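Presented below is the structure to which this report refers.
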Protein chains: 2
Amino acid sequence: MELGMRLERVRTNLNAEEQSAIGRLIEWLRIPSISTDPAYRAEVRRAAEWAADRLRDAGLAPEMKETGTPGAPGHPIVWAYHPGPAGYSGPHVLFYGHYDVQPPDPLELWESPPFEPVIKPAERGEDVPGERVVARGAVDDKGQVASFLEALRAWHAEAGEIPVRLTVLLEGEEESGSVNLERFVKEHDTHLRSCDVCVISDTGMLARGEPAITYGVRGLAYTEVILHGPNQDLHSGMWGGRCPNPINELSKVLARLWDQDRRVTIPGFYDDVLEPTPEERRAWAELPLDYPAMLGKIGLTKEADIGEKGWTALEREWARPTCDINGIFGGYTGKGAKTVIPTHASAKISFRLVADQDPGKIVRAFRGWLDANTPPGCRWEFIDHGGGFPGTVSTDSPYLTAARSALEAAAGGKQAHLIKSGGSIPVVGLLKGQLGLDTLLVGFGLDDDRVHSPNEKFELDCFRLGMHTHACLLSEFAEMGG
Amino acid sequence: MELGMRLERVRTNLNAEEQSAIGRLIEWLRIPSISTDPAYRAEVRRAAEWAADRLRDAGLAPEMKETGTPGAPGHPIVWAYHPGPAGYSGPHVLFYGHYDVQPPDPLELWESPPFEPVIKPAERGEDVPGERVVARGAVDDKGQVASFLEALRAWHAEAGEIPVRLTVLLEGEEESGSVNLERFVKEHDTHLRSCDVCVISDTGMLARGEPAITYGVRGLAYTEVILHGPNQDLHSGMWGGRCPNPINELSKVLARLWDQDRRVTIPGFYDDVLEPTPEERRAWAELPLDYPAMLGKIGLTKEADIGEKGWTALEREWARPTCDINGIFGGYTGKGAKTVIPTHASAKISFRLVADQDPGKIVRAFRGWLDANTPPGCRWEFIDHGGGFPGTVSTDSPYLTAARSALEAAAGGKQAHLIKSGGSIPVVGLLKGQLGLDTLLVGFGLDDDRVHSPNEKFELDCFRLGMHTHACLLSEFAEMGG
C-alpha cells in the first residue's frame, strides 16, 4: 500500500481509538513514578513496564536496561530498536522521552489527587469546547510520550509495522538529574552514533492554537565563586576602611561582568557565537508574541525590557548568551543590624550559551577573568556545577522540514512556527556534545500547563495534535528514504 | 586638707584595700546580669542593687530609675547625683557605665564557669608577674565600673566626700541595645544638660602597658536596601537576558558606591568631614602599632592594606568615614545549582562616620543616590536600622588635659596615648547628638580580654590602674574649679 494511504488509515485509527488512548494515558498517569523519592522505586519500574508493554503492543521488542551501580541503583531505561522495513534507506530516528514525574508537593494545592487523573473542561474561556486531563505528569512527560506511543500503535495496527528505522529511549530519571544517562549514552555510543536525528516531545507550542517546533535551546555553564578575605569575621568599626571587605570587593568584581551595553566582558566570551541569520530575525519579529504583556504578567513595565544592546527581547532569549547571578550571599542576613566584615562572600553565577559556545571553554575563560580581577589581599575559591552544550538544528535541515510538514498535516494545514528556547534541555546538549546528534523538539504543551506545579494538566486538543503529528512524522521520515 | 594630700591618702587607701576591692568585684561578677534574656530579669536587678549599695557606701544617695513601659518593662538605671563640695565651681561630671553583661554562650568553651569568677595568672608570658580575673563581664563593663566605684569609696572614706559635682548613670541594657536609654536621656534633659563632660570606662588601652585615652569614636548609619524586580521567581533560561535580574543590578549599583580611589561616591558624603590636623597625623604615625602584624593575625598580607587613597590604615580607621556592605542576599544559596532569577536582592549597608557628619543627613543622601541609580524596571525598598553620631573631644579640651594628667599620675609618670576608635559607642553619639556633650573614654581593657567571648578576663594591673586613674581624675576635676 502506498505510504499516503497507509497514513490515512493510521489517522483514521487514531480518531477511532481516541477515547481508549485517553483511557490508556490515564492508566499510566495513575502510576506515581516519582523518581527522586526512593519510596516510589517500585512504582517507577511499574511505569517503565507499562511503557514497555505499549511498545510491545506496537510490535517492538523493548528491553529494560538497568542503570546505576549496585550501591546506587538507578531507574531502568526502556529501550527498543526497530530496524525499519526491509530495504529502508531513510533516517535512523532516536525518540527520547521520560516516564518519571516530579513529586506532587505541595499536595494541599491540588484540586484533585495528583495520581487520580480527572478530565475537566479545557481552560480557554467558556465559549470554546475542549477538555484537559489533570494529573502529575500529564504534560511532563507522560502525555507527550503517550502521543508518540499511540502513533506507533496505530501504525502497527493499520500498516503492520513501523515505517522507519527507530530507536526508542525512555528515561526514568529526567526529574532527578538524569544521573545515569551520560554513562548510558557512552555505553551505547556505537548504536547511538548510527542515529541521524533525535525527536523529543517535552516542550511547548508557541501559544494555544499555534503549533511550533523548537529548533534550538541554549546551553549552560553553572559556577559558584567564593571570595575569601580575612580568616575571621571582623568588626566593621575596627576594620572598616582598613582591609578588604569580601562583600564590597565581590560586588565590585561582579559588576564588571557586564559593560555599559550589557555585554559580558569576559575576553573571548562571544568568540564562538553563531549569530542568527537576517531571515531568522525577520521571522522571529513576525511571531505573534506580545512582549509587553509578558512583562506585565511578571509585574514589570516596558522599561524592564533590558538586556544586551542591539537585540530584541526574543533575540536575547533565543540567540544571545547571558550571564546571570542566580544567588549571592555574604555576612549578616538576619533581622536588624550587625556590623560585621565577613571572612568571605559568595555568588552562584551561570551562563546561558548559544551555538557554538562550549561550556568548558567558557568556564575556563571565566576563571581566568576572575584571577585577573582578584581584589588585593583576597583569594578565590571556585566550584563548577556543570552544565551542557547548546543545541541547534539548522533551519535547512531536511529533518526539520519533515517535522514542519508533519505538524502542518496534523494541524489541518496550519503552519508550524519555528521557535527556540532560552532554557537548556540537558539531554539535547548531551546528545549534541557526545554524539554530535541534532534534536527536533516537537512539543505540545501550553504555557499554563503548570509543569512541576499543582494541577498540572494536558489539554486533549494537544494530545490529539501530538498523536497525529507523530503519525505523520513517521510517514515523513519513511518518505525521506525515497 | 589640701587636695594633693587628700589624693595621697585616697591612693594609699586603694592600695591597702586592693584585696577587698577584688573581692567586691568578684561578688558583682557572680551575679548573672544577662540583660537580653528575660529569665535573668531578677539577676539584672540584683546587679543594679549591688551597684547602688556601693554608691551608698561612697556616701551618695542612689535611686533605681525604672525604664520601659508596663507592656515592655526595661531594666533599671542606677542614678545618683552629688552636688559636690560647698562652693564647688569645677565641672559637672557625668559618669556612664553599664552593669549588664552579654550571654556567656558558647558555654562549652569556658575553662571555668562564666559566673564563678576565678583569679588566674595574667596572660603576658611566664616571666612577667600579674593576675587576671576570669568571668563574664570582667572587663565589659563591671571591672571597669568597679574601678570607678572603688575610687568613690576611697575618696569618701579618706576625704569624707566626693570632691566633684557628679552624676552617675549605670545602665542595665547596654548589651541588649540600650532600648530605653534615649527616652531616659530625653526625660532627664535639663539635668543632663548641666553636665560639662561625660566619662566612660568601657574601652581599651593602646596595648599592654600603654595607657590611652580614646578621644574620638566614629558614628554609624546602618541601612538595608532591597531591590525589587519581577513579582515572581523566574527561570533564567526563559528570562535571562530579557529583563532585570535584581542580583545583577544590585551588584552593579553597589559597586558604584566607591570610586577608583575607594572614596564613597554619594554626593555630599564628605561635606561635613573634619580632617585630622597635621599634628594628629604626626602623633598617630608615632604610635607603637605594628600594622602588618595586625593584618597577619587575621590571615592577611600587607597587600590587604587597602582603603581610601591618601590615608594610612590608622587614619582610615580613626578619621575617615567608610561604607561597608555587612550582608548581602539574593536568589538561591543552597547547595548545588538552581537557575533562578529572583524577585529581589538585598544588602545591609553601613556607614562609619566621623565628626561632623550627621547620620540622618548621610542616610538621606544615600537614599537620594539610590533613587538616582535605580535600575530600569526595578524599585527600591529602604529600611533604616538607625545609628549614631560620631563623638570627638577636642585635643585642646581642658577635660582631656585633666584625664591625661590623671592617667599619667596613676601610671607612675607614663604618658597616656591619645587614640581614637573606628568603632561606634552608641551612648557617646547619643550624648553628643542629644545634648552636645563630649565624652572622655578612659578605658583599661586589653586587646586579648575576649570581650563578648568565652573566658573574658580583666587583668588586675588594669583594674589597679583604673582605680588609681579615677581617684586622680576626681582630683583633677576638683582642681579645675580653682
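Residue numbers start from 1 in every chain, and the chains themselves are labelled A, B, ... in the order their sequence lines are given, proteins ahead of strands. It should be emphasised that the depicted structure is a prediction, and the values quoted were computed from it without experimental measurement.
No part of A:Cys378 comes within reach of chain B, as not one of its non-hydrogen atoms sits under 4.5 angstrom from that chain. Neither the backbone nor the side chain of A:Lys420 comes within contact range of chain B; no heavy atom of the residue lies under 4.5 Å from a heavy atom of that chain. Residue B:Thr339 touches chain A through both its backbone and its side chain, counting heavy-atom pairs closer than 4.5 Å. Heavy atoms of B:Ser251 lying under 4.5 Å from chain A belong to its backbone as well as its side chain. For a residue to count as touching a neighbouring chain, one of its non-hydrogen atoms must lie under 4.5 Å from one of that chain's; by this rule A:Leu250 does not touch chain B. Only the side chain of A:Leu300 comes within less than 4.5 Å of a heavy atom in chain B; its backbone stays farther off. Neither the backbone nor the side chain of A:Lys302 comes within less than 4.5 Å of any heavy atom in chain B. Using a 4.5 Å cut-off between heavy atoms, B:Trp258 contacts chain A through its side chain alone, with no backbone atom that close.
Checking side-chain atoms of A:Asp324 against main-chain N and O of B:Ile341 turns up no donor-acceptor pair under 3.5 Å. Using a distance-only test at 3.5 Å, with no hydrogens or angles considered, no donor-acceptor pair links the side chain of B:Arg242 to the main chain of A:Glu317. Without hydrogens or angle criteria, B:Asn326 side chain to A:Ile247 main chain gives no donor-acceptor distance under 3.5 Å. In this structure, B:Lys252 contributes its side chain and A:Leu257 its backbone to no donor-acceptor pair below 3.5 Å.
Here the closest non-hydrogen pair linking A:Ser236 and B:Arg352 is OG-NH2, 3.0 Å.
The shortest side-chain heavy-atom distance between A:Met238 and B:Ser421 falls under the 4.5 Å cut-off.
By the 4.0 Å N-to-carboxylate-O rule, B:Glu249 lies close enough to A:Arg262 to be salt-bridged with it.
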